[in-house]
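Every number for a ligand or one of its atoms is a count from 1 in the order of the listing.
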Amino acid sequence: MEILGIDIGGSGIKGAPVETETGQMLAPRFRLPTPEAAKPEAMIEIINEIVQFFQWTKPIGCGFPGVVRNGVALSAVNLSNKWVGYHAAARIAEKTGCPTCVFNDADAAGLAEVMFGTGKDRRGVILVVTIGTGLGTALFTDGHLLPNAELGHIEIGGEDAEWRASDAARKREKLSWKKWGQRFNRYLNTLCMLLSPDLIILGGGTSSKYEKFSRYISVPTEIELATMLNEAGIVGAALAGGICLANDEAVHSAPSRS
Ligand code: BGC
């Protein structure tokens, strides 16, 4: 099935059509910057521009950087808090006219890795950690996702882990790779202590710089890099969209319901 995967982020919104049977993008991604205040209406305009760019009329799957339940955003740490309680799927479907599903972005990226990337054919507990402005996490057991895990916000040393160990923290505090790597290592070890994963997959933009901090990472489990890096968010959003459509959970815009 062809689905337009859209990765909604705090600095950019990007999308591409994806063949969900293979996890392949069918065209190069199209990216637009996220509007300054990151409010819902302005961001949905941008999402619609991406939909129009691909002249898309089929289903859409969106990855969103916060908790999402039944298409409604329940948190949005790095966006306007106007998103909280906002029915993202319904508003996007209304604006674009396309059946829409919305999920947490790290869950979406994790799904791409587990179905077609580093976690393919792996059993056991897989923890995917995406490192970017936020710290995203996705938790799988034998390929099944536990949605909205939000382990980026566990408290370590009395502080929110994301505030200390995200890439935004590295930039904000101008940390050396050593200093940041040590913090991130503490974060990963805390997750290992809590979850004993069989495999950790590191994704998100900063994972592509792994050679700069790998020497500071020492965890009692296997650790691998995501295969799809930049594309995982888009591909995963489309894959999640496919699953949601199959379950008849997509939100349809008013015209297509009649
Ligand atoms: C959010 C998560 C999201 C992650 C990556 C965090 O701040 O709480 O839901 O997955 O950022 O975007």
inquiry  = Heavy-atom distances under 4.0 Å decide this one: backbone, side chain, both or neither, for Asn78 against ligand 1?
reply    = side chain
inquiry  = Could you walk me through whether Arg164 and Asp160 satisfy the salt bridge (Lys or Arg N to Asp or Glu O under 4.0 Å) test, starting with their C-alpha distance in whole Å, then the side-chain angles of each, then the deciding distance to 0.1 Å, before giving a yes or no?
reply    = CA-CA 7 Å; Arg164 299 260 308 158; Asp160 182 292; over 6 Å; no
query = What are the atoms of ligand 1, with element, lying closer than 4.0 Å to any heavy atom of Ala106?
reply = 10 (O)
ask   = Do Asn70 and Glu249 have a side chain donor and acceptor closer than 3.5 Å?
value = no
ask   = For ligand 1, which atoms, with element, lie under 4.0 Å from some heavy atom of Gly136?
value = 4 (C), 5 (C), 10 (O)
inquiry  = Counting only nitrogen or oxygen atoms and a 3.5 angstrom limit, does Ser75 reach ligand 1?
reply    = no
key: Those atoms of ligand 1 less than 4.0 Å from some heavy atom in Gly66   = 9 (O)
ask   = Heavy atom of Thr137 under 4.0 Å from ligand 1?
value = no
remark   = Looking only at protein heavy atoms, what sits closest to atom 12 (O) of ligand 1 is Asp105 OD2, 2.6 Å
note = ligand 1 to His153, heavy atom cutoff 4.0 Å, flagged ligand atoms 1 (C), 6 (C), 7 (O), 8 (O)
inquiry  = Students should be able to answer this: which protein heavy-atom is nearest to atom 2 (C) of ligand 1, and at what distance?
reply    = Glu150 OE2, 3.1 Å
query = Between Phe64 and Trp83, is the gap from one ring center to the other below 6.0 Å?
reply = yes
query = Does Arg215 make a cation-pi contact with Trp177, if we ask for NZ or CZ under 6.0 Å from the ring centre and within 45° of the axis?
reply = no
request  = Starting from atom 7 (O) of ligand 1, find the nearest protein heavy-atom neighbour and note its residue, name and distance.
outcome  = Glu162 OE1, 2.6 Å
key: Whether Asn185 side chain and Gly181 backbone form a donor-acceptor pair below 3.5 Å   = no
Side chains of Thr34 and Ser11, donor plus acceptor under 3.5 Å = no
inquiry  = Is it the case that over 12 heavy atoms from other parts of the model lie below 6.0 angstrom from the NZ atom of Lys209?
reply    = yes
key: Residues, nucleotides or ligands: over 12 heavy atoms within 6.0 Å of Arg186 CZ   = no
task = Take every heavy atom of Gly152, measure it against each atom of ligand 1, and state whether any distance is under 4.0 Å.
result = no
Numbered atoms and elements of ligand 1 in range of Gly134, under 4.0 angstrom, heavy atoms = 11 (O)
request  = Using atom types as modelled and distance alone, determine if a side-chain donor or acceptor of Thr221 lies under 3.5 Å from a backbone N or O of Pro197.
outcome  = yes
remark   = Asn104 heavy atoms within 4.0 Å reach ligand 1 at atoms 2 (C), 3 (C), 9 (O), 10 (O)
